[in-house]
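Scroll down for the structure; my scribbles are underneath it.
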4 protein chains.
Amino acid sequence: MPIADKKKAIFESTLELVKENGFHGTPMSLVAKKAGVAAGTIYHYFESKEVLILELYHYIQQQSIEVLKREDRADIPFQKCFFNLWHGLYTYYSKNTGIFRFFEQFVNSPYNTGQSEFVKDDFHRLLFQFFERGIQEGHLRPISSKILGTLAHSNIISTVKIQVLGGLKLQNGELEQIPLILWDGMQNRNDKS
Amino acid sequence: MPIADKKKAIFESTLELVKENGFHGTPMSLVAKKAGVAAGTIYHYFESKEVLILELYHYIQQQSIEVLKREDRADIPFQKCFFNLWHGLYTYYSKNTGIFRFFEQFVNSPYNTGQSEFVKDDFHRLLFQFFERGIQEGHLRPISSKILGTLAHSNIISTVKIQVLGGLKLQNGELEQIPLILWDGMQNRNDKS
Amino acid sequence: MPIADKKKAIFESTLELVKENGFHGTPMSLVAKKAGVAAGTIYHYFESKEVLILELYHYIQQQSIEVLKREDRADIPFQKCFFNLWHGLYTYYSKNTGIFRFFEQFVNSPYNTGQSEFVKDDFHRLLFQFFERGIQEGHLRPISSKILGTLAHSNIISTVKIQVLGGLKLQNGELEQIPLILWDGMQNRNDKS
Amino acid sequence: MPIADKKKAIFESTLELVKENGFHGTPMSLVAKKAGVAAGTIYHYFESKEVLILELYHYIQQQSIEVLKREDRADIPFQKCFFNLWHGLYTYYSKNTGIFRFFEQFVNSPYNTGQSEFVKDDFHRLLFQFFERGIQEGHLRPISSKILGTLAHSNIISTVKIQVLGGLKLQNGELEQIPLILWDGMQNRNDKS
DNA sequence: CATGAATGAGTATTCATTCAT
DNA sequence: GATGAATGAATACTCATTCAT
């Protein structure tokens, strides 16, 4: 098994277990077992549990970044991109419900030492950049793109949560209305486009 | 010390510690120390750590419920209530940043066995009820009040997070615009009121 | 069982095991078992293995100090005290051969962080003080009492080692000659006493 | 790299690491790294860590033996040889303070299974032989050469320790007096030479 | 009611050793 | 011979919980 695959196996096992049982309920021994390696082997790839979690965080974020990069296209009108991005992320999170549980656990855990995660990581940088464009082009209200980006992202996450944690099935058309609510709210009322 | 006070002391200590160190970094021994009681004493009031956490969750939620009850007044126009509620919860969460950290940790933790917390607890019941009123009175889009309520709440929490976790200082007027964004989005476009 | 007794039981078990197997071969679990307590219990009395070893070091040293205090008497001529002390320590070490093995392991181990142990601890302070007296009274060569004390102590330890580690039985009179060798060497040749 | 050189590299690395961190703080992986070989390679040259330590012990002792052989010369008067030997070993140990730390750790470790090391190894055989000569020639007290040899050696080691572990700088003339103390003590008082 | 010493199962991590390449 | 990834037993330490006082 190539190295990359073994790291990936460890990542996937960890994610799965954290999703089910939380950080605390995810001993390294279980990760090892699920990944099909010996406990000690994990330590060839990751210095410690903390490092494993940290790297997993970035590994996962990479996938959200892919969506961002795919949907933020300069050759497509902003509003179209906006809805594409919303649905893109929504779909991704819906199909990988472990992801945001992991994220929220991570953000509120002792593992997350970086205080201002909003600014530093690539995902947020790209996210904010996208909203910056919307502001520049006059489509969105002229507030900090960081605010708009954060609100939009939490809107998406909430939509997933409503179903996953709230046990609510969205009715006909409801799913389409949610990004509309968001757009209508953030839209620049003077936008003539 | 009356029983109620001792339980309260244990609650406050736990909250404080969870806020600082997370669930995992909050051993019962520390809670006991901080609350000024013996470790064994906690077990007179709470069957187990899990029960303590669970009761704390409800204890804390009570305070959010107060805000809800205070601001949801039938004698005041809905839109006014809406903004009052937004600012009421925002202020409460801002002053008690431990609260939402505790909440998110709790929701994504093994302690939270109740899967569909959206329906069962009083806070969400009242919250959804408030938005139901908005829909009935024709101010809000006719979607599930659960959706609107959840989106609104996450909007508030995000606003706090932007500052607490994102390290962003909101500029002049930005704080006022955020509930506006929310209102504009959720508003029924045919509302003649 | 009173607290003091429990600490003592842990001390004795540790000493016994370190004597047999060295620091590395003395897991806390074994110490616990031998002392008749649970593994976790040790940590009520000692913060860590390091602290246990450190406290044991001082606990043991106390017994050497007793000998020193017993034999260093101002009302008895120095030379007499000298031989009494020599035999006192010799007897003590002979009867407790674990002691000096523990000492030498300790001194050369990572547990011994105090670099200049010769000066700081009570045993050496009293030991050097005794030799200081010998110098002041003109019986011993006028060199640093620290040198004389150290040489004397190592002479005693070596005598024990010859038998314990060297497997040599001392013949008739040999044991008495050894402190004589030491005395003759350290004696001030101009001592008229 | 010739085999001999690779073994030597492993020896030196081990010694260095044991000197700094003790046996316990010297994993094979570190030895390998420092020696510039792969972990597995060590096992081509040494059956186990124990064997490595054992062979290192003998490797190092060889250097003490060199000093002994150099200074024990039949064509030079015994007393002269005695002081030469004292200073020779003293100098050697002073310049290689790792050596005696290694020795004492080794002697008091589980690696040292041989109980009576005093008799078997070459260093002690030669050392005792030297003192035998002193006794035969009538210079030294007629006690077991093993006793005299052991006392003399521990005297030298102590002198080094006073400085290395005790943090004491020897004053003018003190270093010269120490072997004198030893000689005066061990000398045969009827020696007419 | 309150205490806090005692328990012991559970966890992260280390490290000597092996073996497929 | 040489490599270094993989192993897994061993170890220090934590912590929820119990119970004799």
Distances under 3.5 Å only, N/O to N/O: pair up the protein atoms with those of nucleotides 18-21 of chain E.
none

Starting at atom [atom1] of [X], determine the distance to atom [atom2] of [N], rounded to an integer number of angstrom.
X	N	atom1	atom2	answer
Lys49(A)	dA12(E)	NZ	C1'	8 Å
Ile53(C)	dA12(F)	CD1	C1'	12 Å
Asn21(C)	dA10(F)	CG	P	15 Å
Glu50(A)	dT11(E)	CD	P	19 Å
Ile42(C)	dA12(F)	CD1	P	9 Å
Leu17(C)	dT11(F)	CG	P	12 Å

Tell me which of Ala38(B) and Ser48(A) sits closer to the 5' end of DNA chain E, going by the nucleotide each one is nearest to.
Ala38(B)

From CA spacing to verdict: side chain to side chain contact (heavy atoms under 4.5 Å, CB included), Phe23(B), Lys49(B)
CA-CA 10 Å; Phe23(B) 283 110; Lys49(B) 188 176 184 179; 5.6 Å; no

Phe11(B) ring center within less than 6.0 Å of Tyr45(B) ring center
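No - the distance between ring centres of Tyr45(B) and Phe11(B) does not fall below the 6.0 Å cut-off.
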
Tell me whether the side-chain N/O atoms of Lys6(B) come closer than 4.0 Å to OP1 or OP2 in dC1(E).
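For Lys6(B), the contact criterion (side-chain N or O under 4.0 Å from OP1 or OP2 of dC1(E)) is not met.
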
Determine: side-chain N/O of Tyr45(C) to OP1/OP2 of dA5(E), distance under 4.0 Å, yes or no.
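No, outside the criterion.
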
Qualifying residue for side chain to side chain contact (heavy atoms under 4.5 Å, CB included) with Val31(D), from Ile42(D), Val37(D), Leu15(D)
Ile42(D)

Looking at Glu47(D), I want to see if its CD is surrounded by more than 12 non-hydrogen atoms of other residues, nucleotides or ligands under 6.0 Å.
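Atom CD in Glu47(D) is not packed in, count stays at 12 or less.
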
Determine the interplanar angle of the Tyr57(C) and Phe103(C) rings, folded into 0 to 90°, and report it as parallel if under 30°, tilted if 30 to 60°, perpendicular if over 60°.
tilted

So what's the dot-bracket for DNA chain E: Watson-Crick or G-U pairs under 3.5 Å, [ ] if a pair crosses, | if it pairs off-strand?
.||||||||||||||||||||

Do His44(A) and dA6(F) share a donor-acceptor pair, side chain to base, under 3.5 Å?
yes

Of the residues in residues 24-34 of chain C, which ones touch DNA chain F at a heavy-atom distance under 4.0 Å?
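DNA chain F contact set from residues 24-34 of chain C: Thr26(C), Pro27(C), Met28(C).
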
Which nucleotide in dA16(E), dT3(F), dT3(E) has an atom nearest any side-chain atom of Val37(B)
dT3(E)

